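Here the structure is laid out as C-alpha cells; the discussion comes afterwards.
Just so we're on the same page: letters track the sequence lines, and every chain starts at 1. The model shown is predicted, which means the values in this text are computed figures rather than measured ones.
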Amino acid sequence: MTDRRRINGPAGATIPPIFDDQESQEPKYSKGRSRAPNASRKMYLKTGVTPSASGSAYLEIETSATPDVSGLKLSCSVHGPRSLPRSAPFSPHIVLSTHVKYAPFATKQRRGYLRDPSERDLSIHLETALRGAIIADRWPKSGVDIIISIIEGDQDREASKLQGDEVWDMMNALSGCITVAAAALADAGIDCVDTIAGGVAALVQDAGDDSTPSIVIDPLPSDHEKVLAACCIAYMPTRDEVTNLWFRGDLPASDMDLYTTLVEKGIQASKNANRVLVNCLSETLE
Amino acid sequence: MASSQHVLLSPAELAYLHASLSLTPPIRPDGRSPTQFRPLVAETGILPGTNGSARICFADGTEAIVGVKAEVERTAQRPGEETVFLEEGGGGDGDGDDDDDEEGETGAQGDRRKGEASWVEMTVEIPGLRDDDSGTAFLSAMLSEALLADGEFVKRLWINRRFHWKLYLDIILISPPLSYPLPLLSLTTHLALLSTRLPRLKSEGDEDPFFDDDWAAAPYLFPRSSSSSATAATNTTATKQPATATRPPITLLVMAFGNNIIFDPSKEELAVADVALAVSVTSSNSSSNSSGDGENDEAASAGGRSLRLLSIRTIDPPSRLTPPGVPNAANAAYGAAAALGTQKMLEARTAETEAVEGVWRAPRGGAKRMVLGALVQKTLERGGVVDEVLDALEGVDLG
C-alpha cells in the first residue's frame, strides 16, 4: 500500500553521504559492552505527559554506544475506555486496538507516514502482550486505543553502514513499547491483572573472543559482533506468567538448555523494567 | 486479526470443548490424536510461469497456492565496504585476479557470499481481509522471519558481488480462512521453495550475470542430497557444498490446554486454547554450519536430522474474545433475581473471580513459563511431530 497523499522522495536506494571529518576517519569498532551481562540500561519513565489523553506515559532508555546520548524514546497515549460506535457489533469484552508508529526521523532509514509491515507487526505483538494483562470483561461494549509513537529508535548513528540489525532493534523497541503501554494503561485507570513489562535477552558473539557465545540482558546490537538469537518477553511478576514470547535466531534444537536460559534471562530483564514501572507508578500516587 | 475472527460457539459449547480437550488423553472434536495433523493433498510445480510453486489442500477445505518468482537485481553498493566498480570487474587485469582468487578460494566461497533480508519479498493474500490488515502483516512477518532467521537462506540468492536474485514469494489462500491458516501457508511455502529452480549461471566472477537458457539444467534453490545424477552434475551449488541438505523452515501451531499439548488445531480448538505458539523449525543434515559436530554425528547415526529452532511467536488465542458463561448462582432465570441488589452485586463479583465448573470463562493472564517450555520441548523432541511432517513432505513429488 503506497502513500498517495503526500509527495515522497524516490524509492531508489541511495546511501546517505558520510562526511570525511576527523572523527569518522578512524574506522569505528564496536567498543564492546560496558555493562555487566545482567545489567539493563538506565530507563526513565513518566506517566501523565499528555493531558488530553485518559492515560499517557513517556519512556526513555539511555544508549550505551555513546555516553550521555539517549537512545530509545517512546511516547504512549491511551484513549478510552469509551463506547464503541453504534455500527460496531456487540462485544462482551473491551476492544483493544494498538498502533505503533515510528516517527519518520526515528531511524537511520527514513520511515514513511503510513505504517509499514514491521510497524503493524509490532502492534500485533503489543496487542498480544497487553490482552493477557487487561481484565477485558469489565468493559463490555467499549473500546480502548493505545497509540505509541517511537520518537527515536535505538540505533547507533555513528556507525557508517546499516548492520542488518534492524530486527534486533525491533525487539528492543517492542520491550519498551510493552513497558510504556503498561504505565499508560495504569495511568488511564484500566484494570489489569498485574503490571506487565517487557524484557529482551540475547545470545551474542563478541568481537574479540570467538570461542563462546554468551547470553546478555538488554542487548545493543552495535555492541556485539553478532547477535545469534534473541527473545523478547512480556512478563507479569506477581502472577509469574508470560503473555508474549517472541524468539528469533538460530539455535540447535538439541540444546534446550540454551533456549531455557535465554527465556529466563528475558524474564529477568523484564523484572528489571518492572521495578522502574512500579517505582514510577507509586511516585504518581504520592 | 485472522486468529481472532469470530467463532460462533456458545459459552456452553466452549466449556464442553475445553473440558474434553483437557482430559487425559484429550478428546478432539474430529477424533485426531494430539499430535496428528489434518490430512492434506499437496502438489508442486503447478504454475509453469513461476520458478517454483506448490498447492496444498487441507481436508477441511482450506487451500493455498504459493508462487515463487525470481528477478536479477543489482546489489546496492555501500561505500566503505569492498566496493566493486565496473572497471575493476570488467578490466582484463582485475578479471584475471578475480578468477585466480576464486580458484584459490573455492573453499572460502561460502564466506564471500552475503545476503540481505530485503532480497526476499513475501506477500500473503487472504480473502476477506484487507491487504493492509495487521493479521496479514503478522502472518507474512512470521513466515519471512523463519526464512531469514539464520541468514543462510539469503546467501543462496547471491550471484556475485554486484548482482543478486530478488525472490518474490506470493502466498495466496484461495479458500476462505476456515481455520488459522498459518500451518497451511507455511507448509505450502516450504514445498514451493523446495521446488524452486533458478537458471544456471554461465558468467563468471563479477560480470553481468548471464544464464543458461536450458531450464532442465537449472539447479534447485535447495539442492537435495538424493537428487538424480544429471541434476547433481549441473548443479553448481551442490558441487560447492555437497553435504548440505538444508530444507526451508516449517512453522507449526502448537497449543496447550492445562497439561495437554495439541498440534495443528482446528478453528474450534483454537477458540478455547489457553496458549498458542507458532514455532518455526528447520532441519539440516550438514555439519558445516552448526557448532556441535558431536550432536550431528549422533543425529546422523540415529538416522534423524538435526533440527534447529528459528523462531517462536505467541499467537493471541481467540479464546480471550469469547463470551463468558453465566453461572446459575448469578442467573436471574435460576432465582438469583430474588436476592437483594447489593448481594447480587457481590455474587456477580465472586462469579467474576471464581471459576465455576462447567461454566466457560475466557482465559485471563498469560502462560506459565513451564507450559511454554513444555510446548517448545514437545515440538522439538526427536522423532516428534516435526520429523513426522518433514518425512511426509519428503514424499511429495517435486516434479
#### Entry: Partners meeting side-chain hydrogen bond (donor to acceptor under 3.5 Å, both in side chains) with A/Asp121 (sequence neighbours left out)
B/Arg313
#### Entry: Options B/Thr314, B/Val279, B/Leu148, B/Thr282, ranked by heavy-atom pairs under 4.5 Å with chain A, top entry
B/Thr314
### Task
Sort and list the pairs that fulfil salt bridge (charged side-chain N to carboxylate O under 4.0 Å, His left out) and have at least one residue in residues 117-126 of chain B, not counting sequence neighbours.
B/Glu121-B/Lys166
### Query
Under a 4.5 Å heavy-atom cut-off, does chain A meet the side chain of B/Ala117, its backbone, both or neither?
neither
## Note on the structure
Looking only at B/Arg369, B/Met142, B/Glu381, the option with the highest number of non-hydrogen pairs under 4.5 Å against chain A is B/Arg369
#### Entry: Option in A/Leu251, A/Asp194, A/Thr243 with maximal non-hydrogen atom pairs under 4.5 Å from chain B
A/Leu251
### Ring center gap for A/His93 and A/Trp139 short of 6.0 angstrom
no
### Message
Please identify, among A/Val263, A/Leu245, A/Val193, A/Leu122, the residue contributing the most non-hydrogen atom pairs under 4.5 Å to chain B.
### Response
A/Leu245
### Query
Is it true that A/Asp240 and B/Lys368 make a salt bridge, defined as a side-chain N closer than 4.0 Å to a carboxylate O?
no
### Task
I would like to know whether A/Phe247 and A/Ile233 meet side-chain contact (heavy atoms from CB on, under 4.5 Å); could you show each step before the answer?
CA-CA 8 Å; A/Phe247 168 88; A/Ile233 287 190; over 6 Å; no
### Query
Can you tell which of B/Ala137, B/Ala367, B/Ala149, B/Ala141 has the highest number of heavy-atom pairs within less than 4.5 Å of chain A?
B/Ala367
### Between B/Trp158 and B/His164, ring centroids under 6.0 Å
no
### Region of B/Ala278 in contact with chain A, defined by heavy-atom distances below 4.5 Å
neither
## Note on the structure
Assert top hit (heavy-atom pairs under 4.5 Å, partner chain A, pool B/Leu380, B/Leu310, B/Leu307) equals B/Leu310
